[in-house]
Amino acid sequence: MVSQKIGPLKPEYTQEKKGRVNMPLVPMKAILDATEKYNYAQGAFNVNAVCQAKAVIEVHEMFRSAAILQGADLANAFMGGRTDFAQGTLEDKKKGALNIANAVKKYAEHSPIPVALHLDHGKNMESCVAAIAGGYTSVMIDGSSLPFDENVELTREVVKYAHERGDTVEGELGVLAGVDDHVFAANSTYTNPMDAVKFFRQTGVDALAISYGTKHGANKGKDTVIRKEIAIATKECMMHEGIEGTLVSHGSSTVPQYIVQEINTLGGDIHDAYGIKKEQLKEVSKLGIRKINVDTDIRLAVTRNLRELFRDNAALRDSASIGGIYKLLLDNPSAFDPRVFLPPIMDTVMYGNVPDKDVARVVDCIERGVKEVVGTLIVEFDSVGKALLIENVSLDEMAERYRKKGI
Ligand code: G3H
Ligand code: 13P
Ligand code: ZN
């Protein structure tokens with residue numbers, strides 16, 4: 001277990017099952033099924049370093065919530081050692097997937113909560129295979145930029161491969177706008193509810209990311225309003241057609257204004273940064289959106305903490321191990337992706353090693369940043385205390401269920 005023990009372990013989590021003691025990770029579907037049954041949403045939080053994964057698990061333990069951690073395709077390249085992660089190769093991604101999965105398994109093994117590890121925005125079949133080989137229990141295949149039929153074909157291929165191994169699959173239909181890298185488009189195309197039903201039926205995916213007004217990154221627009229009627233209509237159509245599946249909200253960071261202001265006071269230069277209102281996310285969480293993806297909020301909180309660390313501790317600016325981070329913060333005032341600042345401590349990013357007390361200060365900044373924003377959202381999304389409701393099902397059992405259902 002990561003943190004101090006916070007209570008007795010749930011009996012199932014101490015039992016030996018199919019040769020595994022304390023099954024380390026659950027398929028994401030086990031967590032998603034509970035959200036449908038008990039009417040709440042589960043945040044899914046992106047990680048780019050081992051200590052972020054540790055903090056995400058610890059804060060979920062505090063709130064007795066199950067945890068979904070996600071590593072994006074490029075995050076895997078970074079955790080595989082590519083500081084120029086956008087150029088990461090499949091080999092880098094394989095290595096990173098293994099690094100993060102090993103860490104997550106270690107932390108989850110004695111944890112009182114169920115933990116799933118999910119590949120976010122998998123680009124192609126190879127990325128999904130690499131994540132599963134590394135130990136991920138769920139993958140997203142993002143075929144949203146493809147024509148419908150090609151998206152179906154690619155997603156089906158991933159579903160076949162993943163379900164045979166008990167892994168969960170998320171697809172995407174409709175295009176989210178976003179300012180990030182190549183994954184994201186300049187304009188959005190909202191998801192058509194009828195197409196969503198067709199997509200679930202034709203692919204067998206467990207979960208589907210819909211486009212309904214959210215947007216990746218920190219510049220979502222000042223008064224963005226989620227088109228909740230798209231979620232409602234999609235869910236209705238699914239019910240009429242007897243389709244089970246989870247709807248996912250990407251681009252859902254709330255971009256806390258106090259954090260943006262603090263960053264700018266600390267030498268940062270971030271403009272037009274607005275997120276989705278917490279009230280709207282709360283509302284859709286009760287209307288059929290069950291998985292809510294958040295990355296940007298974590299990035300912002302970690303950046304604020306790093307800037308604060310160097311403001312308050314001038315001696316650290318010349319530290320042999322972390323002085324380079326200070327320089328990168330100075331050189332990149334408008335950046336808020338910690339991957340821009342962390343290259344000087346890649347051994348810590350990739351393996352969680354903490355060689356000296358200066359690096360320990362940086363790790364502390366990262367962990368506190370994660371806990372501040374993730375803790376808030378666990379409460380908002382109402383997953384507090386729900387860990388006990390998750391079925392303890394293994395990948396093997398899940399694979400058998402898919403086989404019996406023919407999906
Ligand atoms: O929605 C995706 C995440 O924010 C991942 O970002 O592709 O830069 O790792 P990334
Ligand atoms: P944000 O950029 O709003 O945090 O979205 C993250 C996301 O959708 C990850 O898949
Ligand atoms: Zn996303």
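Whatever order the structure lists them in is the order used to number ligands and atoms, beginning at 1. Counting from 1, the numbers follow the sequence of the chain as shown.
- When non-hydrogen atoms are compared, ligand 2 lies under 4.0 Å from neither the backbone nor the side chain of Thr214.
- Using 4.0 Å as the threshold, Lys123 has no heavy atom nearer than that to any atom of ligand 1.
- Between Asp120 and ligand 2, a contact under 3.5 Å exists for at least one N or O pair.
- An N or O contact shorter than 3.5 Å links Gly217 to ligand 2 by distance.
- Residue contact check for ligand 1: His121 places a non-hydrogen atom closer than 4.0 Å to it.
- At a 3.5 angstrom cut-off on N or O pairs, Asn46 does not count as close to ligand 2.
- Vertex the Zn ion (ligand 3); arms to His216 atom NE2 and His121 atom NE2; angle 100° (nearest 10°).
- Distances below 4.0 Å separate heavy atoms of Asp120 from the following atoms of ligand 1: 1 (O), 2 (C), 3 (C).
- Within the structure, every pair that satisfies the ring-ring contact (aromatic ring centres under 6.0 Å, His included) test and touches residues 25-54, not counting sequence neighbours, is listed here: Phe45-His60.
- Residue Asp295 approaches ligand 1 through these ligand atoms, each under 4.0 Å from one of its heavy atoms: 3 (C), 4 (O), 5 (C), 6 (O).
- A donor atom on one side chain and an acceptor atom on the other are found under 3.5 Å apart for His121 and Asp142.
- Checking side-chain atoms of Glu58 against main-chain N and O of Val56 turns up no donor-acceptor pair under 3.5 Å.
- Looking at Thr296 against ligand 2, both its backbone and its side chain come within 4.0 Å, counting heavy atoms.
- Salt bridge absent: Asp33 and Lys37 never bring a charged side-chain N and a carboxylate O closer than 4.0 Å.
- Here is the list of ligand 1 atoms found below 4.0 Å of a heavy atom in Leu74: 7 (O), 9 (O).
- Considering only non-hydrogen atoms, atom 3 (O) of ligand 2 lies nearest to Lys220 out of His250, Lys220, Lys215, Arg299.
- Counting heavy atoms under 4.0 Å from ligand 2, residue Ser252 touches it through the backbone alone.
- Under the 4.5 Å side-chain criterion, counting only non-hydrogen atoms from C-beta, Ser138 is not in contact with Glu170.
- For His250, the N, O or S atom with the smallest separation from the Zn ion (ligand 3) is ND1.
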